[in-house]
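Encoded as structure tokens, the structure appears first; notes follow it.
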Protein chains: 2
Amino acid sequence: MAYAEQYIEKLRKSGLRPTKQRIKICEVLFDAEKTFHFTIKELVKIIENQANIKVSLATVYNTVHAFMKKGYLKEIPLNASQSYYDTNVTHHHHFFDEEENKLIDIHQDDVDEVNIKRTIPGKKIRSVEVIAKIVSDNQSQK
Amino acid sequence: MAYAEQYIEKLRKSGLRPTKQRIKICEVLFDAEKTFHFTIKELVKIIENQANIKVSLATVYNTVHAFMKKGYLKEIPLNASQSYYDTNVTHHHHFFDEEENKLIDIHQDDVDEVNIKRTIPGKKIRSVEVIAKIVSDNQSQK
DNA sequence: TCAACAGTTTAGAATAAATATAATATATTA
DNA sequence: TAATATATTATATTTATTCTAAACTGTTGA
């Protein structure tokens, strides 16, 4: 199956018609060999550099949100001024480098399963995310 | 030691002079029997209702940030439109109820220690936070 | 007592992310 | 292809947060 067809399917499943702009967004997000982290602003910049088509902010926001809702993208819980998204939707965790403002994946196997002994009546856990904030370790320099 | 003196000490240690406004903020944040979660907007509203003194948004932001820097408050990593803060600075975790937009503390003892096997050269872990998102469990109704 | 000053408070302006709007353009369908 | 339903876009709006500059407070030292 050609890439374009995969994208059209992803879009349709997300309740979106496949348009030039949306397919371009798919190319950037899902073509990559590796998964990656991005902000809306970064995504728009990548598209601008790669493509000969123009995509407005609104379209990018709408498309990203539709993919999130469908589970093709994940939002990473961070207290940043802008939202960070992840094309890796498998269960995994993150380091956040506070000095370089960069996210690093932590594979699920690298974290023992997080076992929460407490429950809330009438509620179930939908997701468990671990954020480990990291900084330079100057002690290790000596 | 009277409460006011504790607050004055907290303020001085945070590099702030004890002023009427700042002491009022301390009263709201640190007088409570229990620790609690709040947004800046909520904090301002509480002060408005309780106090006969006026406190501007800027003063609240500045004071909260100074307390954060000193470790008297913690920011909770959430992708919300506004920042959530916690007066409980002990090591603990959170449920986030996505339907009611409410935070619930999870005591450290209720989570087995999160053991991250991966390391990043030259970096050390400063904090590890677990956010468990919860939703209604309709299955349990039957 | 007062002048000088360092730090505060405040209202309002500025910034920036995210969302809404409404006119125009495009895709789908029958 | 015509009719319709949905998308795209530029622009305006909203909202949290930060910045600014002027007025204020309290302390110190002559």
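Lettering of chains follows the sequences in order, A, B, ..., and the numbering in each one begins at 1.
- As rounded to whole Å, 16 Å separates atom C1' of D:dT18 from atom CD of B:Gln82.
- For the pair B:Asp112/A:Val114, no side-chain contact is recorded, criterion being any heavy-atom separation below 4.5 Å from C-beta on.
- Checked against the 6.0 Å centroid threshold, B:His94 and B:His37 count as a close aromatic pair.
- Once you apply a 4.0 Å limit to the heavy atoms of chain A, the touched nucleotides of DNA chain C run 5' to 3' over C:dA17 to C:dT28.
- Within 6.0 Å of atom CD in A:Glu113, 12 or fewer heavy atoms from other residues, nucleotides or ligands are found, so the atom counts as exposed in its surroundings.
- Contact check, A:Arg22 against D:dT8: a side-chain N or O comes under 4.0 Å of OP1 or OP2.
- Looking at B:Leu78 and A:Pro77, their side chains never come closer than 4.5 Å, going by heavy atoms from C-beta outward.
- When A:Asp86, A:Asp110, A:Thr35 are each tested for a side-chain hydrogen bond (donor to acceptor under 3.5 Å, both in side chains) with A:His92, only one passes: A:Asp86.
- Using the six-membered ring where Trp is involved, B:Phe36 and B:Phe38 have ring planes that are tilted, between 30° and 60° apart.
- Contacts of residues 54-77 of chain B with DNA chain C (heavy atom under 4.0 Å): B:Lys54, B:Val55, B:Ser56, B:Ala58, B:Thr59.
- Looking at heavy atoms from C-beta onward, A:Pro18 lies in side-chain contact with A:Arg12 at the 4.5 angstrom threshold.
- Under the 30°/60° scheme for interplanar angles, the aromatic rings of A:Tyr72 and A:Phe30 are found to stand perpendicular.
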